[in-house]
Every structure is written in C-alpha cells, then in structure tokens.
*Asks:* 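Sharing a structure below in structure tokens format, with a few things to ask.
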2 protein chains.
Amino acid sequence: MSLRHALLALLTARPMTGYDLAKQFDVSVAYVWHAPHSQIYPELRKLEASGLVSAESTPRGSQATKRTYSITEEGRAELRRWVEEVAPPLPERDAAHLKATYYEFGSFANARRQFEGHLAYHQRQQLKWQIHVAQLEKHDTDLLRRRLAIEPEHTHDAIVAYKVHVYRGLVERARVEVEWAREGLALVDRLEAAETARRSAGD
Amino acid sequence: MSLRHALLALLTARPMTGYDLAKQFDVSVAYVWHAPHSQIYPELRKLEASGLVSAESTPRGSQATKRTYSITEEGRAELRRWVEEVAPPLPERDAAHLKATYYEFGSFANARRQFEGHLAYHQRQQLKWQIHVAQLEKHDTDLLRRRLAIEPEHTHDAIVAYKVHVYRGLVERARVEVEWAREGLALVDRLEAAETARRSAGD
DNA sequence: ACAGCCATGTAAGTCGTTACATGATTGC
DNA sequence: GCAATCATGTAACGACTTACATGGCTGT
C-alpha cells in the first residue's frame with residue numbers, strides 16, 4: 001500500500017494532476033517506488049473516494065477535463081499515521097541474485113555478460129542518485145523548493161536531511177552492487193583460467 | 001517469471017514434492033526469492049502441463065496422494081535459456097527508503113524506532129547469510145551435496161563459487177543497510193539536539 | 001489422545017504490467 | 001500541418017497475499 005502514501009506525500013508540496021504525479025514518479029520518487037500512470041489514475045480516484053485528497057475539475061477543450069488533486073486534512077493525518085507505523089519488511093525478491101546463483105548452467109561468456117549488465121546498470125543508478133543528492137543539498141528541485149516555501153523555516157533542516165540520507169544510502173547501495181559485479185567478473189576470469197588449465201593438462 | 005525457474009533450479013539437485021520445495025523456499029532460496037506454498041503448488045501443475053517437470057504420484061492413506069516432481073530435459077533446456085537471457089532490472093520498490101524520505105511527518109522518537117527496526121532486521125539478515133556462506137564453503141547443505149554428487153567433479157568449483165559470491169554480496173548489502181541505519185540514528189540525534197537548542201534559545 | 005510435522009490444495013482479493021485508446025494544447 | 005507534450009483513462013492478464021480447508025503419519 002505504498003503507492004497511495006507516495007501520492008499523498010507528493011501532494012504535500014503542491015496540488016497536482018495525475019499527469020504531474022506520473023512525471024514525478026519518473027524523476028524522483030520512482031527512484032524508490034515505481035508506478036505507471038495506469039496505476040496512478042485509478043488510485044487517485046480511490047483516494048478521492050476515501051476523502052484523503054480532493055479534486056478540482058477544469059475543462060480542457062470541448063470534451064476533456066483536467067483534474068487537479070490536493071491533499072486534505074484527513075490525507076495529512078493518514079500520512080502521519082503511515083510514517084509512525086512500523087511495517088514488516090517486504091519478502092526478498094531479487095531476480096538478478098537468484099539467477100547469479102545458477103550461472104553454472106550457462107557459459108563463462110554469459111556470466112560475464114550478466115555481470116557487465118549489472119555493473120553498467122548500477123553505475124548509472126549511482127550517478128543518478130549522486131546527482132539527486134547534490135540537487136537536494138542545493139534545494140535545487142522544484143518539489144522541494146515548494147515544500148520548503150510552505151513549511152516553517154526551523155523544519156527545513158530535517159526535511160532536507162532525511163531525503164539526503166535516503167539518497168546517500170542508495171548511492172552506497174549502488175556502489176556495493178558495482179563492486180559485487182566487478183568481483184563477479186574477476187571470479188569468472190579465475191574459473192575460466194582453471195578450466196583452460198584443466199583442459200590442456202587433460203589433453 | 002522467476003518462481004518457475006527457481007523451482008526448476010531446485011529440482012536439478014533431486015526430485016522433490018511441493019512441500020519439500022516450499023521448505024527450501026524457507027531455508028535457502030527464500031533468501032533471494034520468497035514464495036508461499038499457495039503459489040508453489042499451482043505453479044508445479046503449470047510446469048507439468050508444459051512438460052518442464054514430470055510428476056510421480058504415490059498414494060498416502062486412503063484419499064491423499066503425494067506428487068514427487070522431477071525436472072525433464074525440456075526443463076533443463078528452459079533453465080539454460082533463462083540463465084543466458086539478459087533480463088531488464090525490475091523497477092525499484094523499496095518501502096523502507098520511501099518512508100524514510102518522509103520521516104519529517106513523524107516524531108524524532110519515531111524516526112529512531114524505524115531506524116532501529118531497520119538495523120535489527122538487517123543485522124539478522126547479515127548473520128543468516130554469513131552462516132549460509134560458511135555452509136556453502138564447507139558443502140554443508142543437503143541440496144548442494146546432492147547437486148555435486150550428480151555433477152562431474154571439475155564443475156564443482158564453479159557451482160559453489162557462484163553461490164558463495166551471491167551470498168557474500170548479500171552479506172555486504174546487509175552491512176551497508178546496517179551502516180545506513182546507524183548513520184540514520186546519528187542524524188536523528190543531531191536534528192533533535194538542534195531542535196532542543198533552538199527551543200531553549202527561543203524561550 | 002494429542003502434538004507436530006508431512007502434504008496438497010482452493011478462493012478471494014489486491015497489486016502491478018502491458019497494451020490499447022482518445023483527445024487537447026503549444027510551438028514551429 | 002505536424003510533432004511533442006499535456007492529459008486521462010480502460011482492459012486483460014499475471015503475480016502475489018492471506019485466509020480457509022483437509023487429511024495422513026509418527027512418536028509420546
């Protein structure tokens with residue numbers, strides 16, 4: 001049930017349309033919780049039905065309407081309740097590590113290809129997060145600036161610090177994945193060398 | 001689609017019942033891919049229907065039957081295909097980090113409680129994985145021994161090495177999470193001290 | 001007799017993915 | 001006029017969760 005709370009949290013910065021929210025899910029929140037627009041629009045309707053957000057409709061052209069959502073006082077209360085709640089950790093589901101457990105079913109070339117993919121992906125992630133940390137530290141994101149503009153100044157440090165801490169954590173996590181992939185490549189080299197030695201000895 | 005492949009991989013060690021497989025999902029595979037028995041039994045039926053596993057039924061009592069599944073040659077081929085396939089990384093979904101982004105909506109006491117929970121959980125995980133690494137290195141798990149018993153000796157190094165590498169990676173990952181939680185606790189201390197100073201200055 | 005483990009399932013519901021589908025506005 | 005972006009949805013399907021439900025075997 002994290003989607004609804006991610007939406008509520010985003011709406012504390014400013015009222016937004018489903019489209020705006022979907023974009024935010026691509027550039028910031030999505031780094032920790034992904035959601036496509038096909039999930040966002042129905043969820044906003046549900047949030048509206050339960051009174052956690054309110055919607056203002058404005059006409060666009062002759063047939064279409066634009067719906068701008070704002071968080072309600074009940075929505076804020078729900079957000080506080082969620083933050084205070086201790087959630088049991090989600091069950092592990094890590095396709096990359098599962099597959100790596102069984103690389104022996106493929107070739108050395110394949111293991112290398114897989115580790116290289118892992119390496120490249122997490123290097124990109126690391127960079128993305130590093131940039132995000134730098135932006136947060138300079139208050140250089142639209143959403144953060146809007147959020148700070150409406151909150152009392154003495155709370156700004158905490159608001160920024162928690163976010164910076166999260167994204168620094170993700171930078172570190174990506175660094176560990178990159179290291180793991182590099183060590184994986186070294187492992188494949190060792191295994192292949194041993195295999196080659198065995199073959200020439202056996203001949 | 002990882003569940004089916006995890007099941008196939010487990011069956012390369014020895015034929016097993018759904019119950020056996022469910023237990024394995026609790027003690028080893030589940031560390032990387034969790035699945036409850038209510039998902040395993042229907043999936044085995046599907047695998048059987050597509051010819052990737054075969055089942056042998058033996059009667060138990062008057063009404064019940066036990067079904068023991070074995071991997072087929074097609075199943076092994078599918079496993080090789082899966083290992084060789086480069087899969088796009090799953091979209092991020094990290095409830096703990098999402099919530100931490102918004103700890104400012106709760107109290108300092110809450111942030112502390114959350115970080116402490118994170119710390120305790122990943123410490124347990126780290127220990128569990130360390131133990132698993134040690135067991136793998138000593139070939140001290142039933143499944144691994146059975147797997148090695150039926151594979152040619154020159155492949156043993158690779159079979160063990162990939163698994164050890166995976167679980168060492170998970171130990172490292174858990175270590176980073178523990179560190180992140182500790183730094184989170186230090187952050188809360190700093191934020192609270194600043195808040196206290198501000199209040200006494202304001203009085 | 002009872003507990004604990006062995007063993008296999010179903011059912012209802014939610015969450016998430018992928019694809020389909022449509023229309024409006026802005027700037028070139 | 002056209003492309004890009006703004007904007008909002010639905011539908012079908014598959015993955016996963018939680019709860020319910022049943023029966024057998026082994027040892028005390």
Side-chain angles (χ1 to χ4, degrees), chain A residues 1-7 10 14-27 29-30 32-50 53 55-69 87-95 98 142, chain B residues 1-7 10 15-27 29-30 32-50 53 55-69 82 87-95 98 142:
Chain A
M1 294 249 65
S2 285
L3 174 57
R4 60 191 307 107
H5 297 109
L7 292 171
L10 287 172
R14 66 174 174 93
M16 279 188 262
T17 65
Y19 184 83
D20 293 331
L21 286 160
K23 261 198 314 183
Q24 287 303 323
F25 268 85
D26 280 345
V27 298
V29 195
V32 284
W33 199 272
H34 167 82
H37 75 271
S38 63
Q39 222 186 335
I40 291 170
Y41 287 114
E43 190 62 41
L44 284 168
R45 294 289 185 154
K46 281 190 219 163
L47 285 168
E48 194 191 357
S50 41
V53 303
E56 200 200 344
S57 293
T58 53
R60 290 175 64 238
S62 49
Q63 293 147 71
T65 46
K66 180 161 95 161
R67 296 171 62 80
T68 305
Y69 292 92
L90 293 177
E92 304 288 334
R93 233 155 231 145
D94 182 335
L98 173 62
D142 180 58
Chain B
M1 295 249 62
S2 287
L3 174 56
R4 60 190 309 106
H5 297 110
L7 292 171
L10 287 172
M16 277 188 264
T17 64
Y19 184 84
D20 293 332
L21 286 160
K23 261 198 313 183
Q24 287 303 323
F25 268 84
D26 280 346
V27 298
V29 195
V32 283
W33 198 273
H34 168 81
H37 75 270
S38 64
Q39 220 187 335
I40 291 169
Y41 287 113
E43 190 63 41
L44 284 168
R45 293 290 184 154
K46 282 191 218 162
L47 285 169
E48 193 191 359
S50 41
V53 303
E56 202 200 343
S57 292
T58 53
R60 291 174 62 238
S62 50
Q63 294 147 68
T65 47
K66 179 163 97 161
R67 298 171 62 80
T68 305
Y69 292 93
W82 169 68
L90 292 177
E92 305 287 335
R93 234 158 232 139
D94 183 336
L98 173 62
D142 180 58

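Quick note: numbers below take in every heavy atom, side chains included, and nothing from hydrogens, waters or symmetry partners. Note that the structure is predicted; figures quoted are calculated from it, not measured. Here is how names work: the chains are called A, B, and so on, in the same order as the sequence lines, proteins then strands, and each is numbered from 1.
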*Asks:* For A:P89, check side-chain contact (heavy atoms from CB on, under 4.5 Å) against everything at least two apart and list the hits.
*Replies:*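 Once residues adjacent in sequence are excluded, the partners of A:P89 under the side-chain contact (heavy atoms from CB on, under 4.5 Å) criterion are B:Y121.
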*Asks:* For A:W33 and for A:G61, find the nucleotide of DNA chain C with the closest heavy atom, then tell me which residue's nucleotide is more 5'.
*Replies:*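 Nearest-nucleotide comparison on DNA chain C picks A:W33.
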*Asks:* Quick one: closest heavy-atom pair of B:L10 and B:M16, and the distance?
*Replies:*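 Result for this residue pair: O-CE, 3.3 Å.
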*Asks:* Please list, chain by chain and in numerical order, all residues satisfying side-chain contact (heavy atoms from CB on, under 4.5 Å) with A:P36, sequence neighbours excluded.
*Replies:*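 Scan of A:P36 (side-chain contact (heavy atoms from CB on, under 4.5 Å), adjacent residues dropped) gives A:H34, A:S38, A:Q39.
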*Asks:* How many angstroms lie between OG1 in B:T17 and CD1 in B:I40, if you round to the nearest 0.5 Å?
*Replies:*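 The distance works out to 10.0 Å.
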*Asks:* Identify, with sequence neighbours excluded, every residue that meets side chain to side chain donor-acceptor pair (under 3.5 Å) alongside B:D94.
*Replies:*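 If we apply the side chain to side chain donor-acceptor pair (under 3.5 Å) test to B:D94, skipping adjacent residues, the hits are A:R173, B:H97.
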*Asks:* Tell me, do A:H5 and B:L98 make a side-chain contact under 4.5 Å, heavy atoms counted?
*Replies:*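 In short, these two side chains do not touch, never coming nearer than 4.5 Å.
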*Asks:* Here's a test of your reading of the structure: between A:A64 and A:H34, which maps to the more 5' nucleotide of DNA chain C?
*Replies:*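 Upstream on the strand: A:H34.
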*Asks:* The criterion is side-chain contact (heavy atoms from CB on, under 4.5 Å); which residues satisfy it with B:R60, sequence neighbours excluded?
*Replies:*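 side-chain contact (heavy atoms from CB on, under 4.5 Å) check on B:R60 returns B:A64, B:K66.
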*Asks:* Residues in side chain to side chain donor-acceptor pair (under 3.5 Å) with A:S2, at least two apart?
*Replies:*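 A:S2 satisfies side chain to side chain donor-acceptor pair (under 3.5 Å) with no residue once adjacent residues are dropped.
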*Asks:* Return no unless some side-chain N or O of A:T17 is found under 4.0 Å from OP1 or OP2 of D:dT8.
*Replies:*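 True: A:T17 side-chain N/O within range (under 4.0 Å) of D:dT8 OP1/OP2.
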*Asks:* At under 4.0 Å between heavy atoms, what does B:R45 touch on the DNA or RNA strands: base, sugar-phosphate, or nothing?
*Replies:*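 Sugar-phosphate contact only - B:R45 comes under 4.0 Å of backbone atoms but never of a base.
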*Asks:* Run the salt bridge (Lys or Arg N to Asp or Glu O under 4.0 Å) test against B:E48 and tell me which residues pass, sequence neighbours left out.
*Replies:*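 Applying salt bridge (Lys or Arg N to Asp or Glu O under 4.0 Å) to B:E48 gives B:R67.
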*Asks:* Are there any protein N/O atoms within less than 3.5 Å of an N/O atom in nucleotides 2-6 of chain D, and if so, which ones and at what distance?
*Replies:*
| residue | atom | partner | partner atom | Å |
| --- | --- | --- | --- | --- |
| D:dC6 | OP2 | A:Y19 | OH | 2.6 |
| D:dC6 | O2 | A:R60 | NH2 | 3.2 |

*Asks:* If you look at every strand shown and take non-hydrogen atoms under 4.0 Å, does A:R93 touch a base, only sugar-phosphate, or nothing?
*Replies:*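 The answer is sugar-phosphate, as A:R93 gets under 4.0 Å only of primed atoms, P, OP1 or OP2.
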*Asks:* What residues form a salt bridge (Lys or Arg N to Asp or Glu O under 4.0 Å) with A:D26, not counting sequence neighbours?
*Replies:*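 None.
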*Asks:* Let me confirm one number: the CD-CG distance from A:E43 to A:L21, rounded to the nearest 0.5 Å.
*Replies:*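 The CD atom of A:E43 sits 11.5 Å away from the CG atom of A:L21.
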*Asks:* For a 4.0 angstrom threshold against heavy atoms of chain A, report the outermost contacting nucleotides of DNA chain C in 5' to 3' order.
*Replies:*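 On DNA chain C, the outermost contacted nucleotides are C:dC15 to C:dT25.
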*Asks:* Mind grabbing the angle between the end helix axes of the helix from C:dA1-D:dT28 to C:dC28-D:dG1? Five pairs an end, 10° rounding.
*Replies:*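 Its terminal axes enclose an angle near 10°.
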*Asks:* State, to 0.1 Å, how close A:Y41 and A:Y19 come at their nearest heavy-atom pair, and which atoms those are.
*Replies:*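 Answer, listing the atom of A:Y41 first, then A:Y19: OH-N, 3.4 Å.
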*Asks:* Could you tell me which residues satisfy ring-ring contact (aromatic ring centres under 6.0 Å, His included) with A:W33, sequence neighbours excluded, listed by chain and number?
*Replies:*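 With sequence neighbours excluded, A:W33 shows a ring-ring contact (aromatic ring centres under 6.0 Å, His included) to no residue whatsoever.
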*Asks:* Taking only heavy atoms on the protein side, list every residue of residues 35-43 of chain B lying under 4.0 Å from any atom of DNA chain C, sorted numerically.
*Replies:*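 Result for residues 35-43 of chain B: B:H37, B:S38, B:Y41, sorted by number.
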